[in-house]
2 protein chains.
Amino acid sequence: MKENLVRTSMLTEREKDTLSFITSYYTKERKAPLLTEIAQGLGIQSKGVVHRYVSALEDKRYIVRNPKTRGIELVDHPDIDVLPLLGRIAAGKPIEAIEDKSLINFAHLLGGANRYVLQVKGHSMIEEGIHNGDLVVIEHASTARSNQIIVALVDGEDATLKRIQFPKKNVVRLIPANKTMQAKEYSTDRVAIQGVLVGQVRIYD
Amino acid sequence: MKENLVRTSMLTEREKDTLSFITSYYTKERKAPLLTEIAQGLGIQSKGVVHRYVSALEDKRYIVRNPKTRGIELVDHPDIDVLPLLGRIAAGKPIEAIEDKSLINFAHLLGGANRYVLQVKGHSMIEEGIHNGDLVVIEHASTARSNQIIVALVDGEDATLKRIQFPKKNVVRLIPANKTMQAKEYSTDRVAIQGVLVGQVRIYD
DNA sequence: CTTTCATGAGAACATAACGAGAACATCTAT
DNA sequence: ATAGATGTTCTCGTTATGTTCTCATGAAAG
């Protein structure tokens, strides 16, 4: 019953099920499942059975394992953090036909020292396309240029996301992007700039 | 030649917690935390345990250490494009600390097999907060659920981003998010679904 | 009929992951 | 220079998870 010569990449039904579960778990959770989680997903009581399927998938080169707790790695699924930028939509062509494929790495674009993420609550920047629940990337800074969108702390109490302007010396104007709200002006010493908006991200389920 | 370099950058749950706490602390306090501060932040009694996690993070190249009192330094490695999610920003309140201090990796959130990026041209989805020039992440798919936002190709010519509905059999309705534009209905055979919207990103200069 | 294979249950054991805490070394403030 | 604070290195546990077995059932093939 020892088969070191595995010529067949054919998977049995349950092996397919196992691989499928691992793949979907991976894309959803961004980590490998436990054996018991696979078992539950497949309706199997015994983790020993799952272990057999996982070992088969390893023999057939569909996965690699570390002897660790969530040690399954998909061989076709190494961490992909680069996406192809295919082109501009509404270009009048099928997407696949666009040739100029450059690669885009959001983490590289948005990551970096002195940056952090805040989740937006409310609708004060809705006309800028920044909606309730969106994630914004902020670069830590204490100064800003006019017309930048910044995180401002007013009187040490009021942290909001607003566009900033400097209409005259020692005066700061904070402008929401919402017609139902009004721009306000403060003396410079009342407004502390916390950071500058560098990116915005929304994730759809 | 095969690269046998084992990049076990996989972090355990508590190692992630530890890294998350360190990065959050760093961005807030502008200095590294003490082991006892990490311990308190994670609800651990023993600084020896924390030391073990910190050593693991050093082994896995997420940090470097000096043998000094606040000697942890975050490494700026491309593998570590994680940003701390600090809190929610709300009108009229200070930034709320987020209970679950988590790290955000946009590439992991948005990346994955069968995904690509398009740049949006035009304003047809402006009321969804998708503006001209924004980047959208599309997951390749040929089917969609009702009310999802999809990339549709009409008569093989017109690739656009629209919300989709199926009002009756063999009819597809494509709905822009712009009051100045109208929803249109097509027979099923004229519309080819190219993919489903899974994310949206904007980068500010 | 027997053999083989895919499937499943479950026991027994090995190891990983996590945590507490002691003892000691080293750093740092005074 | 000294004392307290902080970092390092251990040992000792507990629980969770992975690994290796044996046994059992049913279907398909010879």
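Chain letters run A, B, ... following the sequence lines, proteins first, then strands; residues in each count from 1. Only this structure's heavy atoms are used, side chains among them; waters, hydrogens and symmetry mates stay out.
For the residue pair B:E37 / B:Y25, a side-chain donor-acceptor distance below 3.5 Å is found, with atom types taken as modelled.
Comparing D:dG18, C:dT7, C:dA17 against the side chain of A:R52 picks out C:dT7 as the nearest. Relative to the side chain of A:K47, the nucleotides D:dG18, D:dG7, C:dA20 differ in distance, and D:dG18 lies closest. Each of D:dT8, D:dG18, C:dT7 was ranked by its minimum atom distance to the side chain of A:R14; first place goes to C:dT7.
The base of C:dG10 is paired with the side chain of A:S46 by a donor and an acceptor separated by under 3.5 Å. A donor N or O paired with an acceptor N or O is not found under 3.5 Å between the base of D:dG18 and the side-chain atoms of A:K68.
Taking a 6.0 Å sphere around CZ of B:R65, one finds it holds more than 12 heavy atoms contributed by other residues, nucleotides or ligands.
Residues A:R173 and A:Y186 fail the side-chain proximity criterion, which asks for heavy atoms closer than 4.5 Å. In this structure the side chain of A:K31 reaches within 4.5 angstrom of the side chain of B:E13, judged on heavy atoms.
Nucleic acid contact for A:L34: sugar-phosphate only, since backbone atoms but no base atoms lie under 4.0 Å from a heavy atom of the residue. Nucleic acid contact for A:I44: sugar-phosphate only, since backbone atoms but no base atoms lie under 4.0 Å from a heavy atom of the residue.
Look at CD on A:E15: it is 13 Å from P on C:dC5, rounded to the nearest Å. Atom CD of A:Q40 is separated from atom P of D:dA16 by 15 Å (rounded to the nearest Å). Across the protein-nucleic acid pair, A:L35 atom CG and C:dG10 atom C1' stand 15 Å apart, rounded to whole Å. Note: CZ (B:R65) to P (C:dC27) measures 14 Å, nearest angstrom. Atom CD of A:E13 and atom C1' of D:dA28 are 15 Å apart (whole Å). One atom, CD of B:E37, and another, P of D:dT6, lie 8 Å apart when rounded to the nearest Å. As rounded to whole Å, 14 Å separates atom C1' of D:dT8 from atom CG of B:D59. To the nearest angstrom, P of D:dG7 lies 12 Å from CD1 of B:I63.
Smallest separation of non-hydrogen atoms from A:L161 and A:M125: O-SD, 3.3 Å.
For B:T12 and C:dC18, the shortest distance from a side-chain N or O to OP1 or OP2 is below 4.0 Å. Taking side-chain N and O atoms only, B:R70 has no distance below 4.0 Å to OP1 or OP2 of D:dT6. Look at B:Y53 and you'll find a side-chain N or O under 4.0 angstrom from OP1 or OP2 of C:dG19. Proximity of A:Q45 to the phosphate of C:dA9: a side-chain N or O atom is located under 4.0 Å from OP1 or OP2. Regarding contacts with the backbone of D:dG18, every side-chain N or O of A:H51 stays at 4.0 angstrom or more from both OP1 and OP2.
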